[in-house]
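Written out below as structure tokens is the structure these notes cover.
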There are 2 protein chains.
Amino acid sequence: MGKGEDTRNLILEAAVAQASEFGFESLTIGSLAERTGLSKSGLFAHFGSREELQVAAIEAAAARFTEMVFAPALKAPRGLPRIRALFDGWLDWTVRSGLGHGCPMQAAAIEFDDRPGAVRDAVVWHYERLERELARAVELAMGQGHLRPNLDVAQFVFDMLGVIFAYYHGSRLMKRDVSAARARAAFERLVAAATP
Amino acid sequence: MGKGEDTRNLILEAAVAQASEFGFESLTIGSLAERTGLSKSGLFAHFGSREELQVAAIEAAAARFTEMVFAPALKAPRGLPRIRALFDGWLDWTVRSGLGHGCPMQAAAIEFDDRPGAVRDAVVWHYERLERELARAVELAMGQGHLRPNLDVAQFVFDMLGVIFAYYHGSRLMKRDVSAARARAAFERLVAAATP
DNA sequence: GCATGGTACGAACGGTCGTTCTATTTGTCA
DNA sequence: TGACAAATAGAACGACCGTTCGTACCATGC
């Protein structure tokens, strides 16, 4: 495909980085044009509107998450090891992605949770997919006998999300180095309560 | 004090409501002027800058949280009942406050976690206070014998925050009615693991 | 009843916003 | 290489941004 595709990907890379630091509301045509060295109209031509640009940035962030967290976890043996790999990868995927600032998906989730529209729909869609995949990994672990068979899967996913969110809060806002250790401790207690 | 104080409070009430729905980045002089029926310059005169307005809105939101969550919980007997009161009040304080949209403090936490400045400082300050008060309540419960004496207080606070954040995620973004029940179940498991 | 000072208004500033046009450059393929 | 399409630039638009300034209102204390 043409060179337009490359430019588009370059723009989205810059967009995800900027959203990680300043949120999706900061994704303006002008600031992204300056960041990428394009003209406003040249950049705009790749997307029909600002909203489409934001949606594309969500998709790009989700793709990066899949690549950085899910794909590596699939290499771990199914069951508890894979769940651990998911959790570990989830904790620092933004840093390993070179984003170095907050998780863009969570930023989008907060920014758009009360704003109906295409962006919100995209965020919800990706979180549903994420939680579904997570639930599937838990069920696999139950099938392997790593987790007890009467485990409430949705509750386990809920609890695991809580640990991640508390970690983001502690590390990104409060800048506490101890947050990673706290998150791992919480996760281990969660697993211990779910083993047969 | 004069009528200026009243107007200022009216502005801040509108600001907190708007931040609950659209975030603190949406707090523009123009939109708030229209919302309150004031002129732009008339509203602006109450604050030296937009940033000061945002800080004042943070303070107002924090004051509302104290009034709606902490103050009622202090009426509960110290120990576990008070912690339960804090948790219950925390879950739906925005609804009882007439905000009806997301928790403004969490929105501010995400929006400003990577943006140094007065707003971020205010957010961090209030979360530190909140977690300190929470830790004090836990210590009181340990003193009462409701929680085991070797409990890791900071870890308990971390876990409790996680439950709250997971609840906000489930109820505000994913619009799942079951989130409150999941949050209560998670909290009860947390308490059960912390009792002597 | 009148001065005084806090309170609000209206107009204007330079800048940025998203978006729309029309050119112009650039890349691709016969 | 030449033709044609894709990709980018440039200028302009109306709207809104935060902020400043000069002026009017209006409540209060004498």
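Quick note on labels: first sequence line is chain A, next is B, and so on, each numbered from 1.
- Separating the CG atom of A:D6 from the C1' atom of D:dT8 is a distance of 15 Å, rounded to the nearest angstrom.
- Each ring pair (Phe, Tyr, Trp, His ring centres under 6.0 Å) pair with one or both residues in residues 6-30 of chain A, not counting sequence neighbours, would appear here, but there are none.
- Ranked by how close their nearest DNA chain C nucleotide is to the 5' end, A:T28 and A:G48 are led by A:T28.
- Rounded to whole Å, the distance from NZ on A:K3 to C1' on D:dT8 is 8 Å.
- Between the CD1 atom of B:I29 and the C1' atom of D:dT19 there is a distance of 9 Å, rounded to whole Å.
- Between the side chain of A:S41 and the base of D:dA9 there is at least one donor-acceptor pair of N/O atoms closer than 3.5 Å.
- At whole-Å resolution of the value, CG in B:L38 and P in D:dA24 are 20 Å apart.
- Checking B:E52 against B:H46 by side-chain atom types alone, no donor-acceptor pair falls below 3.5 Å.
- Using a 4.0 Å heavy-atom cutoff across all strands shown, A:A45 reaches at least one base atom of the nucleic acid.
- Nucleotide C:dA8 holds its P atom 10 Å from the CG atom of B:L10, rounded to whole Å.
- Residue B:K40 places no side-chain atom within donor-acceptor reach of the base of C:dG10, judged by atom type and a 3.5 Å distance cut-off alone.
- B:T7 has a side-chain polar atom (N or O) that falls below the 4.0 Å cut-off from OP1 or OP2 of C:dA8.
- Using a 3.5 Å distance cut-off with no hydrogens or angles, the side chains of A:Q144 and A:R78 do not pair a donor with an acceptor.
- The interatomic distance linking B:E5 (CD) with D:dA27 (C1') rounds to 16 Å, in whole Å.
- In this model, a donor atom of one side chain and an acceptor atom of the other lie less than 3.5 Å apart for A:H169 and B:E131.
- Protein atom CD of A:E51 is 14 Å distant from nucleotide atom C1' of C:dT19, rounded to whole Å.
- Following rounding to the nearest Å, A:F22 (CZ) and C:dC17 (P) show an atom-to-atom distance of 14 Å.
- No hydrogens or angles considered: nothing links the side chains of A:T94 and A:S97 as a donor-acceptor pair under 3.5 Å.
- Among the nucleotides C:dA8, C:dT19, D:dT20, the one closest to any side-chain atom of B:F44 is D:dT20.
- OP1 or OP2 of D:dT8 has at least one side-chain nitrogen or oxygen of A:H46 nearer than 4.0 Å.
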